[in-house]
**Student:** 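So that we are looking at the same thing, I have put the structure below in structure tokens.
The chains referred to below are lettered A, B, ... by the order of the sequence lines, with proteins before strands, and numbering in each begins at 1. For clarity, every value in this text was computed on a predicted model and none was experimentally measured.
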Amino acid sequence: MPQNLNKTTIDFFEMVYAVVRLIPRGRVTSYGAVANSIGTKGTSRMVGWAMNTAHAVRPKVPAQRVVNRNGMLTGKHHFGTATAMEELLKKDGVEVKNDVVVDFLKRFWDPSKELVL
DNA sequence: GCATTGACGAAGG
DNA sequence: CCCTTCGCCAATG
């Protein structure tokens with residue numbers, strides 16, 4: 001993870017936002033992966049919780065690129081409309097079918113893994 | 001300051 | 001293989 005992300009100096013939410021914003025267009029990741037990338041392994045739930053307030057943060061956090069480990073859009077309900085999250089993902093070039101990201105494994109983007117460069 | 005909760009995840013039955 | 005339970009940890013009441 002970026003050296004700027006120090007949980008001693010930066011809040012947990014800020015770290016989550018930073019990682020999520022680094023997700024490339026057309027790729028997705030999971031809450032657990034984000035949590036792991038920022039050091040706090042077992043905070044996958046809080047990652048989702050952070051996404052809840054992400055909409056109020058500038059610049060907007062692409063929370064639609066973060067799904068659960070199955071690639072399911074569990075947080076779509078928090079996007080205002082029922083199809084908002086799918087639409088955003090579709091704009092990113094990510095196909096969504098039945099609330100699940102198609103080819104999730106191929107589109108999966110591991111922050112801690114691909115961020116190291 | 002204790003109890004509940006949550007956009008999760010892994011393990012067990 | 002589906003469903004339940006448990007663990008995780010920070011925020012919230």
**Student:** Donor-acceptor pairs are to be reported for all side-chain atoms of residues 46-53 of chain A against protein atoms at under 3.5 Å, with residues two or more places apart or in another chain.
**Tutor:**
unit_1, atom_1, unit_2, atom_2, d
A:T53, OG1, A:Y17, OH, 2.8
A:T53, OG1, A:A50, O, 3.0

**Student:** Starting from C1' on B:dA7, measure out to NE2 on A:H77 and report it in whole angstrom.
**Tutor:**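 Distance, rounded to whole Å: 11 Å.
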
**Student:** Just list the side-chain donor-acceptor pairs under 3.5 Å for residues 86-94 of chain A, sequence neighbours left out, or say none.
**Tutor:**
unit_1, atom_1, unit_2, atom_2, d
A:E86, OE2, A:K76, NZ, 3.2
A:D92, OD1, A:R65, NH2, 3.2
A:D92, OD2, A:R65, NE, 2.6
A:D92, OD2, A:R65, NH2, 3.2

**Student:** So if I take residues 49-66 of chain A and measure heavy-atom distances to DNA chain C, which residues fall below 4.0 Å?
**Tutor:**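 DNA chain C contact set from residues 49-66 of chain A: A:W49.
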
**Student:** Please name all residues satisfying salt bridge (Lys or Arg N to Asp or Glu O under 4.0 Å) with A:K97, sequence neighbours left out, ordered by chain then number.
**Tutor:** none

**Student:** May I ask you to decide if A:N70's main-chain N or O and A:N68's side chain share a donor-acceptor pair within less than 3.5 Å?
**Tutor:** yes

**Student:** So A:D110 and A:T29, side chain to side chain contact (heavy atoms under 4.5 Å, CB included) or not? Walk me through it.
**Tutor:** CA-CA 6 Å; A:D110 191 344; A:T29 189; 5.7 Å; no

**Student:** Go along nucleotides 8-13 of chain B 5' to 3' and tag each nucleotide: B for a protein heavy atom under 4.0 Å from its base, S when only backbone or sugar atoms are that close, - otherwise.
**Tutor:** BSS---

**Student:** Applying a 4.0 Å non-hydrogen cut-off, can you work out what A:F13 is touching in the nucleic acid: base, sugar-phosphate, or nothing?
**Tutor:**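 Sugar-phosphate contact only.
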
**Student:** Using a 3.5 Å distance criterion without hydrogens, assess whether the side chain of A:R21 forms a donor-acceptor pair with backbone atoms of A:V61.
**Tutor:** no

**Student:** What is the separation between atom NZ on A:K76 and atom C1' on B:dA7, rounded to the nearest whole Å?
**Tutor:** 13 Å

**Student:** Is there a side chain to side chain contact (heavy atoms under 4.5 Å, CB included) between A:F79 and A:Q64? Walk through the geometry before answering.
**Tutor:** CA-CA 9 Å; A:F79 275 75; A:Q64 73 277 9; 4.0 Å; yes

**Student:** Would A:V101 end up clustered with A:L105 when hydrophobic side chains under 4.5 Å apart are linked, directly or stepwise?
**Tutor:**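 Yes, because A:V101 and A:L105 connect within a single hydrophobic cluster, where side-chain heavy atoms sit under 4.5 Å apart.
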
**Student:** I would like to know whether A:F12 and A:I38 meet side chain to side chain contact (heavy atoms under 4.5 Å, CB included); could you show each step before the answer?
**Tutor:** CA-CA 9 Å; A:F12 175 81; A:I38 64 178; 3.5 Å; yes

**Student:** Starting from P on C:dA10, measure out to CD1 on A:I38 and report it in whole angstrom.
**Tutor:**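 Going from CD1 in A:I38 over to P in C:dA10 covers 10 Å.
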
**Student:** Using a 4.0 Å cut-off on heavy atoms, which residues in residues 81-106 of chain A reach DNA chain B? List them by number, or say none.
**Tutor:** none

